[in-house]
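This structure is a prediction, so every number in the text was calculated from the model and none was measured.
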Amino acid sequence: MDIKKIEKKWQDYWRSHHTFEAHIDPNKEKYYYLVEFPYPSGAGLHVGHVRSYTALDALARKKRMMGYNVLFPIGWDAFGAPTEQYAIKNHIHPKVATKKNIETFKSQIEKLGISFDWSREFSTTDPEYYKWTQWQFLQFFKHGMAYKARKNINWCPKCKTGLSNEDSSGGVCERCGTQVVQKEKEQWMLRMSDYAEQLLDGLDDTKFQEKIKTAQINWIGKSKGAEVDFVLKGTDEKLTVYTTRPDTLYGVTFMVIAPEHPYIDLYSGLIHNMNEIIDYREQTNKKTEFERTQLVKDKTGVKIDGLVAIHPLTGKEIPIYISDYVMMSYGTGAIMAVPAHDQRDFDFAKKYGIDIIQVLEEETGEPHENEKKKNSIVAILWDEEKDQYLTLNWKELGGRLFIGGTIQEGEDALTCAIREIKEETGYTDISLVQTGFKINHHYYAYNKDQYFNVEATPFLFRLNSSKQEESALEEDEKFELEWVDKETINREVVDMLHQKSFQYVTTGGAMCGEGIHIHSEMLDALYKQEAIDKIIAYLEEKQIGRQKTNYKLQDWIFTRQRFWGEPIPLIYCEECGWVPVPEEDLPVVLPDVAEYEPTDDGESPLARIPEFVNTTCPKCGRPARRETDTMPNWAGSSWYWLRYMDPHNDKEFVSKYALKYWGKVDWYNGGMEHATRHLLYARFWNQFLYNIGLVPNKEPFETRAAHGMILGEGGVKMSKSLGNVINPDDIVDVYGADSLRTYEMFIGDYEKEAVWSEQGLNGCRRYLEKVIRLGNKVVKGDTYSKNTEKDIHRTIKKVTDDMDNSKFNTALSALMILLNKMEKEEHITKADYRTYLQLLNPIAPHITEELNEQYQLGNPICESSWPTYDEAMLEDSEKEIAVQVNGKVRATIMVNMDDDEKTIEEKAKTAENVVRHLQGKEIVKVIVIKGKIVNIVVK
RNA sequence: GCCCGAGUGGUGGAAUGGUAGACGCGAUGGACUCAAAAUCCAUUGGUAGCAAUACCGUGUCGGUUCAAGUCCGACCUCGGGCACCA
């Protein structure tokens with residue numbers, strides 16, 4: 001058999017018979033499968049594409065055979081930087097490069113036999129498509145959802161272009177390695193942050209995988225908290241901060257504002273060290289967004305000399321700093337700093353010597369009635385040289401602990417700690433290293449038969465010399481002094497108070513956990529949520545604060561200073577301002593020019609083309625200028641699934657009729673890398689269209705699944721530089737498309753990454769060859785063979801269920817098992833073979849069609865119905881089950897399905913090896929699970 | 001740091017709480033062949049044993065259960081996403 005000819009033959013058949021073209025048919029139930037449309041790069045198709053396309057192809061083929069009207073389209077997401085760069089370098093028009101790349105991709109995909117409906121194919125770069133992208137942008141504009149704003153962008157001075165954050169990671173341009181700078185530009189923005197709550201809510205209407213939902217939720221970044229107003233001393237102005245922990249308000253010891261905060265200029269008259277501040281601001285400006293968002297321990301900042309805030313509750317003066325760890329873009333661009341309970345504030349306070357006030361105490365142990373309150377210490381002695389800590393080993397009396405003790409009348413905590421160390425260990429030559437945060441501990445003392453609630457202060461002391469005096473132990477103090485290392489402590493010190501104490505004094509960070517409030521007047525003794533509620537109520541009553549929800553999600557910067565994108569259809573008129581291009585003049589077409597290289601000043605290349613720029617105002621007819629920026633890559637992919645429903649419509653972006661029939665995408669497959677931004681943009685776009693009544697569903701996608709990556713041999717990413725990229729064409733040439741498809745479906749869990757293996761691929765080819773050879777056994781017969789009848793029914797069920805759950809690997813495994821069984825038979829009937837081929841067809845469509853034809857088994861499989869199974873055929877009348885004695889398998893027995901438990905138990909007890917294990921033992925219990933297992937418990 | 005995943009033979013990977021390792025790859029032995037390839041048959045988690053069989057075994061430690069790869073708790077390692085987000 002010539003595989004290549006067969007594959008070509010069936011691909012031609014499907015094309016000429018329009019087998020996979022979908023047509024609206026109200027009498028048939030629809031199903032919409034969508035794969036992320038590819039970016040047709042010069043590199044060609046990747047084996048990763050093959051994996052997801054084959055998976056959805058298999059599902060689509062099966063669904064069609066099950067009688068659904070399946071929409072399974074494909075197109076091209078072709079605008080964007082890579083093609084533009086390629087075009088500039090090779091001096092060809094991006095339009096030409098795109099066309100060439102699409103041709104390559106298309107022929108590669110066709111060779112795989114994917115059942116796409118090619119009649120619906122389009123590219124985002126087609127004027128007939130981007131006309132409607134522009135039209136929809138105008139809907140945003142007309143509904144006040146688009147606005148212009150000045151924004152800092154990443155700018156590469158060498159490439160003369162704006163870069164996305166992704167393209168400028170590490171602070172350098174991804175392509176040329178030049179240091180990226182910040183440049184302020186006017187940009188069109190879409191009000192996506194207005195949709196934060198709706199985008200969050202909408203997730204409930206989807207069946208996305210949990211990890212995809214989480215990614216969306218994280219990106220939206222909702223946080224509940226409060227705004228608090230701090231009066232600036234000597235002014236009428238307030239400095240408002242946002243915090244998620246208003247309950248820690250009493251712990252505020254300083255405030256920080258972002259270097260860009262407008263108050264700095266507003267109050268420059270009051271500030272004495274303006275020069276220093278301007279210097280710092282300039283340093284910050286040099287940093288890229290990337291550098292600023294790196295988590296660094298070493299905080300920098302400048303104290304504002306002359307500007308002081310007043311604590312709204314205590315009336316104390318609070319110093320204000322500027323620092324780049326506070327972002328202008330989040331919250332109010334100003335924070336109240338609580339160094340005791342926030343790591344960043346803690347780091348900053350340590351560096352600049354600012355007070356740290358503890359207002360939360362971690363609680364350990366279980367509270368109990370009639371507790372006696374007292375204050376105590378935990379003292380940890382450290383031998384720096386050996387890096388060991390002194391513990392008291394109380395053995396069975398209390399395990400391994402540090403030195404502990406109760407603070408006496410008139411004594412402070414530190415004195416107490418030094419005294420206790422001396423009394424219990426005799427060491428006196430010590431110095432204090434660290435005082436930890438206080439801990440609120442509940443415990444029961446057996447020797448005193450009393451519950452205690454202590455407020456304990458942990459200390460860390462360094463041992464300077466082993467000078468030791470006589471210790472002063474009391475009667476009941478029986479322990480061994482032992483110096484041990486960190487590991488032993490982590491393992492053996494189990495008392496929560498002592499464990500936490502050790503953590504506090506050795507790691508030395510802020511106390512960020514939950515706890516009960518102290519030093520907080522009205523909040524004292526309250527837990528987190530009660531305290532938050534109480535303080536917010538108070539702040540609101542006094543009108544010095546209010547509850548507030550914040551989102552990380554920001555408005556969408558919708559412009560790029562590039563050539564190869566959709567022109568923004570707006571015209572600027574001196575008289576009328578920004579005016580939309582009239583609908584009948586759409587699309588605003590990209591000019592066919594030779595000059596599309598970037599300009600020096602950051603303007604779009606379109607700005608240099610007078611014929612494009614100069615126009616007249618659609619409103620007043622005076623001379624006017626076109627917007628020269630283009631849309632981002634994300635634009636065209638934000639609505640493409642809608643266009644697939646009605647791709648040739650030149651009156652509307654999609655007809656109501658098509659929308660009503662095809663509805664939502666039922667199953668959307670894509671890479672995990674698009675689970676945040678693309679998916680969010682697409683949902684936002686759709687929700688907007690829904691809100692203005694243009695689409696019938698609020699959420700565009702019912703299910704979103706993500707496939708795992710295919711890695712090169714050795715488990716590394718395939719890349720040009722490693723030279724381990726597998727070209728699907730080469731594989732198809734040598735092994736055939738069906739082998740490649742089968743292998744990629746068999747390689748492992750569809751959602752997990754998988755490692756490419758040529759040997760594994762070869763195994764799948766061998767399997768398909770066996771399927772071909774199985775044909776030699778075919779004899780007449782339109783019913784299943786008696787010997788394999790049950791296996792066939794079971795396999796139908798298994799393959800059907802597994803494919804429904806995207807478990808292609810186990811579906812194939814079941815088919816292999818059935819093949820092995822059939823191979824042992826002398827003959828199989830046409831019916832056997834036909835069903836077998838039908839089950840395999842979604843994964844290996846060419847070879848199965850050919851065999852079906854060759855052995856004259858029936859109409860083409862693509863026009864046949866999916867096999868069904870008979871429930872009654874799934875179970876055997878007899879089954880082998882295991883017999884365990886005390887949970888260990890000792891024998892297997894044959895049972896009939898209609899055996900009652902008594903019979904099974906008897907069979908089990910008399911099984912040869914079981915008898916031996918029962919000898920001399922008393923049977924305590926016998927568990928019989930019908931059809932599964934028997935477990936005999938003996939003593 | 002936070003949020004997801006995942007740790008099972010030589011290897012890719014299977015196992016609604018019920019015989020761990022299905023299926024594939026590789027390996028070993030054999031058949032066919034002058035020979036090789038292809039194909040077919042057999043074996044293939046480890047240790048002991050001629051064998052029957054026994055013991056051990058799903059990252060580590062503990063727990064629940066008649067029964068744990070699977071459930072619960074603590075930890076370790078790897079992968080991914082997010083991140084001075086107040």
Side-chain angles (χ1 to χ4, degrees), chain A residues 209-215 217-219 221-223 225 241-246 248 255-256 258 292-297 299 323-327 329-338 341-345 347-348 490-491 509 512 550-554 672-673 675-676 706 708-709 711 715 742-743 746-749 751-764 766-767 769-770 773 807 809-817 819-820 823 880-892 912-913 916-917 924-929 931-938:
Chain A
Q209 285 170 347
E210 216 40 52
K211 64 175 172 182
I212 291 173
K213 281 192 185 179
T214 317
I217 291 166
N218 284 348
W219 193 275
K222 180 176 182 172
S223 85
V241 299
Y242 175 73
T243 175
T244 52
R245 294 300 300 273
T248 61
M255 299 179 81
V256 186
R292 271 190 74 179
T293 52
Q294 283 310 287
L295 209 152
V296 277
K297 272 264 179 270
K299 305 270 185 281
S323 173
D324 61 7
Y325 82 88
V326 174
M327 305 286 141
S329 55
Y330 186 78
T332 61
I335 62 156
M336 58 178 227
V338 186
H341 306 292
D342 181 284
Q343 190 59 45
R344 294 153 298 169
D345 300 345
D347 295 338
F348 194 86
N490 287 335
R491 204 172 47 240
C512 303
N550 254 327
Y551 302 91
K552 284 191 235 174
L553 185 69
Q554 299 192 4
M672 205 47 207
E673 68 274 20
T676 46
M709 250 196 319
L711 303 173
T742 306
Y743 172 59
F746 188 61
I747 195 167
D749 189 329
E751 282 167 20
K752 288 192 207 136
E753 31 185 62
V755 178
W756 182 265
S757 146
E758 190 97 12
Q759 282 177 335
L761 171 64
N762 201 32
C764 288
R766 261 195 323 233
Y767 160 67
E769 284 167 353
K770 281 194 204 176
R773 281 200 296 274
K807 296 177 82 171
N809 54 337
T810 48
L812 271 165
S813 160
L815 283 166
M816 289 174 182
I817 293 169
L819 176 79
N820 291 342
E823 271 181 336
E880 186 190 56
I881 65 166
V883 182
Q884 298 181 326
V885 179
N886 281 352
K888 290 196 182 205
V889 179
R890 296 302 179 189
T892 55
E912 197 191 323
N913 199 33
R916 281 212 342 238
H917 282 91
V924 180
K925 199 175 177 186
V926 180
I927 291 128
V928 180
I929 311 291
K932 287 209 170 136
I933 205 161
V934 180
N935 190 6
I936 304 169
V937 186
V938 296

Who is the Watson-Crick or G-U wobble partner of [N], with both distances under 3.5 Å?
N	value
A83(B)	none
A6(B)	U77(B)
A22(B)	none

(Q) Rounding to an integer number of Å, can you tell me how far Ile933(A) CD1 sits from A67(B) P? (A) 12 Å

Could you go over nucleotides 37-43 of chain B and give all protein N or O partners under 3.5 Å, atom names and distances?
none

Under 4.0 Å, heavy atoms only, any strand: does [X] hit a base, just the sugar-phosphate, or nothing?
X	answer
Glu751(A)	nothing
Thr810(A)	sugar-phosphate
Val755(A)	nothing

Q | hbond_proxy Asn218(A) side chain to C82(B) base (donor-acceptor, 3.5 Å cutoff) | A | no

Q: Report yes or no: is there a donor-acceptor pair, N or O only, under 3.5 Å between the side chain of Lys299(A) and the base of C84(B)?
A: yes

Check every atom of [options] against the side chain of [X] and return the nucleotide holding the closest atom.
X	options	value
Thr214(A)	U19(B), A86(B), C3(B)	C3(B)
Lys552(A)	G12(B), C82(B), A86(B)	C82(B)
Asp324(A)	A14(B), C84(B), A86(B)	C84(B)
Tyr325(A)	C84(B), C56(B), U19(B)	C84(B)
Lys807(A)	A15(B), G18(B), U53(B)	A15(B)

Q | Phosphate contact (A52(B) OP1 or OP2) by Arg916(A) side-chain N/O below 4.0 Å | A | no

Q: Would you check if there is a donor-acceptor pair between the side chains of Asn762(A) and Glu758(A) at a distance under 3.5 Å?
A: no

Q: Tell me which of Ser223(A) and Ile747(A) sits closer to the 5' end of RNA chain B, going by the nucleotide each one is nearest to.
A: Ile747(A)

Q) Pick one for G9(B): is it syn, with its angle within 90° of 0, or anti? A) syn

Q: Classify the angle between the aromatic ring planes of Phe348(A) and Tyr325(A) as parallel (below 30°), tilted (30 to 60°) or perpendicular (above 60°).
A: tilted

